[in-house]
Structure formats: structure tokens, C-alpha cells
There are 2 protein chains.
Amino acid sequence: MTTRRDAVHDTLRRSEGFRSAQDVYAEMRSDGAKIGLTTVYRALQALADGGKVDVLRTDDGESVYRACASGDHHHHLVCRRCGRTVEVAGPDVERWAESVGAEHGFTEVTHTVEVFGTCAACSAAARAS
Amino acid sequence: MTTRRDAVHDTLRRSEGFRSAQDVYAEMRSDGAKIGLTTVYRALQALADGGKVDVLRTDDGESVYRACASGDHHHHLVCRRCGRTVEVAGPDVERWAESVGAEHGFTEVTHTVEVFGTCAACSAAARAS
DNA sequence: GGGATTTTGACAACCATTTTCATTCTGGTT
DNA sequence: AACCAGAATGAAAATGGTTGTCAAAATCCC
């Protein structure tokens with residue numbers, strides 16, 4: 001039954017940026033939800049497999065998840081300070097990856113592209129300090 | 001004392017693709033080298049910090065390293081079967097990332113781009129089987 | 001040589017993630 | 001309402017890559 005899974009999905013939807021499984025778990029617990037860590041992991045994995053959420057790895061190896069607006073292929077522009085995320089499309093990049101692969105005889109070409117930066121609000125805050 | 005570090009660097013240079021710390025350690029040991037796992041990790045980290053080797057994360061969260069030919073900024077086309085890696089440049093991608101960031105008010109924009117595929121040799125082998 | 005400093009590595013600690021497995025739901029059936 | 005098979009749940013234990021600890025060994029400096 002998908003009650004738990006939906007709860008996880010909802011929690012994710014309420015977040016601005018990418019959240020780790022442990023984050024989601026902690027937040028749900030502090031909201032009074034009765035759920036186990038294992039279930040959160042399982043739900044997140046199922047959602048990711050079904051393409052309902054996007055996954056990426058932080059520099060320290062943690063998996064972080066995000067409920068994205070579009071189910072289409074897209075990439076992310078992530079603020080490295082506050083985690084705020086903008087979904088971006090890059091048709092040029094798709095084409096580039098495909099042609100680079102073909103050029104070297106590679107087939108079944110896929111790619112990962114993520115862009116990081118400091119968002120306007122955060123760089124303003126940094127200047128102020 | 002860069003003896004150990006150099007040994008690690010050399011081992012890496014002998015490899016075609018990306019290797020994990022544990023891989024490097026195992027290979028050095030089987031070559032008769034007297035080195036500890038801790039030291040391999042430290043050497044790899046130092047080399048990565050110094051820009052001497054490139055790092056990326058596999059899907060299962062392992063860090064993998066590679067001694068790259070150029071110290072310049074570049075990306076990788078990696079065979080998902082045999083790990084063979086081709087270094088590729090993508091001026092268009094650099095520009096795209098930069099402009100996408102600027103468009104949304106982000107500063108200090110960086111990006112990660114990796115392309116995966118099945119190389120000619122591996123797809124031939126797959127067809128043969 | 002002798003002491004200060006750095007490097008090394010065996011081992012223990014960490015910590016996110018998985019696995020295990022017994023218990024609790026769920027829905028369907030009689 | 002009782003029953004049951006199969007899926008879902010979660011507490012606790014296992015896993016495994018990576019990092020910390022700390023004493024021994026190598027190296028440097030005077």
C-alpha cells in the first residue's frame with residue numbers, strides 16, 4: 001500500500017531543494033509521523049525507480065532526492081549554500097553528449113549533468129556578512 | 001616524502017579507466033608493494049586535491065580515481081562495461097553551464113558532466129554472445 | 001647523534017545504506 | 001466474522017567504503 005510512499009513523496013514535495021533520506025526521515029518524525037527509516041529508504045528508492053523523483057549524489061557520497069515538477073529529462077541548477085534548485089533544460093547538451101558518444105563509437109549513450117552555484121540571495125547574504 | 005604518493009600515482013597511470021581506492025590498493029599489494037589501505041586513501045585524496053587526478057562517484061557511492069592526461073578542465077566518456085575512458089572537451093557545454101547559471105542569478109558557477117555509454121568493443125562483444 | 005616532525009599503517013570507529021526477519025496490514029474469499 | 005496469502009513495515013543487526021586514532025617507523029634539521 002502506497003500510503004507510506006505517498007507520505008514520503010509529499011514530504012519531498014514540500015522541500016525546495018534536494019533532501020537526503022535521513023533528512024526526510026527526521027522531518028517526518030518531527031512532524032509526528034510514525035514511520036521507520038527503512039521504509040523511507042524503500043519509498044525513496046521506489047519513487048526514484050518509477051521516475052517520480054530525481055536522485056543525485058552529494059560530494060560526500062550521500063544520496064539526495066527531489067520531487068521534480070516535470071517527468072521529462074532535465075538537469076538541475078543547485079545553490080551550494082541553501083540547496084535551492086532550479087530545473088533547467090539543455091537541448092544543446094543532450095545533442096552534444098549524443099554526438100560525443102557517437103564520435104568515439106559508443107552506443108547507448110547517457111549522461112549526467114549538474115550545475116552548481118551560489119544563488120542571488122546567498123551571495124547577497126555572503127557579501128553582507 | 002612523496003614516495004608512497006608517487007607509487008599510487010604510477011599505479012593509477014597504468015590503468016585505462018577509473019579505479020577505486022580499494023582497487024588500487026589490491027593491485028599494489030598483488031604487485032608486491034608494501035603499503036597500507038589508509039595510505040592509499042590519503043594519497044588519492046592528496047592527488048585529487050592537487051588536481052593531479054580526477055574523481056567521480058559511481059552509482060553505488062564509491063569514489064573512483066583516474067590520472068588524466070591533461071590538467072585542463074575536461075570531461076569523460078566512460079564505457080559502462082569495461083570502464084575504458086576517453087577524455088573529451090566541450091566548450092559548448094562550459095558556455096551553456098555558465099549562461100544557465102547567470103540567467104538565474106547564480107554566481108561562482110561550476111558543473112559536473114559525465115557521459116556514459118558502451119564502447120565499440122563492448123557492444124560488439126555483447127552482440128556476439 | 002639526538003630530538004622534533006612527518007608519514008605510515010593496523011585497527012577501531014563512523015555512518016549511510018541494506019538486509020534480515022518477525023510482526024502488522026491489506027484485500028479477497030468463504 | 002473468521003481466515004488466509006502475500007505485501008508492507010520497522011527494529012535491530014550486518015555491510016562496506018571511508019575516516020579517525022595512535023603508536024611505531026622513516027625523515028629532516030641542527
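Per chain, numbering begins at 1; letters A, B, ... match sequence-line order. Both backbone and side-chain heavy atoms feed into the values below; hydrogens, waters and symmetry mates do not. Computed from a predicted model, the values in this text were never measured in an experiment.
Note: A:H76 and B:H111 fail the aromatic proximity criterion, with ring centroids not under 6.0 Å apart.
Comparing C:dT17, C:dG9, D:dT18 by their nearest atom to the side chain of B:T39 picks out C:dG9. Here C:dT17 is the nucleotide among C:dT17, D:dG10, D:dA11 with the atom lying nearest to any side-chain atom of A:L37. Distance from the side chain of A:R42 is smallest for C:dT20 among the nucleotides C:dT20, C:dG9, C:dA10.
Residue A:Q45 places at least one side-chain N or O under 4.0 Å from the OP1 or OP2 atom of C:dT18. Contact annotation: B:R4 side-chain N/O to D:dA26 OP1/OP2 distance is not under 4.0 Å. Distances shown here put a side-chain N or O of A:Y41 below 4.0 Å from the OP1 or OP2 atom of C:dT17.
Between the C1' atom of C:dT26 and the CG atom of A:D6 lies a distance of 15 Å, rounded to the nearest Å. When rounded to the nearest whole Å, the span between CE of A:M28 and C1' of D:dT9 equals 13 Å. Nucleotide D:dA8 holds its C1' atom 16 Å from the CG atom of A:L44, rounded to whole Å. When the C1' atom of C:dT17 is taken as reference, atom CZ of A:R19 falls 18 Å away, rounded to whole Å. Here C:dA10 presents its P atom at 10 Å from CD1 of B:I35, a figure rounded to the nearest Å. Nucleotide D:dG17 holds its C1' atom 18 Å from the CZ atom of B:F18, rounded to whole Å. Going from atom CD of B:Q22 over to atom P of D:dT19 covers 11 Å, rounded to whole Å.
Applying the salt bridge (charged side-chain N to carboxylate O under 4.0 Å, His left out) test to residues at least two apart or on different chains, the pairs with a partner in residues 14-33 of chain B are B:R19-B:D23, B:R19-B:E27. The stretch residues 42-67 of chain A participates, sequence neighbours left out, in these salt bridge (charged side-chain N to carboxylate O under 4.0 Å, His left out) pairs: A:R66-A:E87.
A donor-acceptor contact under 3.5 angstrom links the side-chain atoms of B:T38 to the base of C:dA10.
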Working for side-chain hydrogen bond (donor to acceptor under 3.5 Å, both in side chains), residues A:E114 and B:T112: CA-CA 5 Å; A:E114 304 299 337; B:T112 68; over 6 Å; no
Audit row: B:T85, B:L77, side-chain contact (heavy atoms from CB on, under 4.5 Å) steps and yes/no: CA-CA 6 Å; B:T85 300; B:L77 171 59; over 6 Å; no
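By the neighbour-count criterion of 12 heavy atoms within 6.0 Å, atom CZ of B:R80 is densely surrounded, having more than that number from other residues, nucleotides or ligands.
Annotation: proximity of residues 54-64 of chain B to DNA chain D (heavy atom, distance under 4.0 Å) is found for B:E62, B:S63, numbered in ascending order.
A side-chain donor from one of A:R13 and A:H9 sits under 3.5 Å from a side-chain acceptor of the other.
Mapping A:S20 and A:K34 onto DNA chain C by nearest heavy atom places A:S20 closer to the 5' end of the strand.
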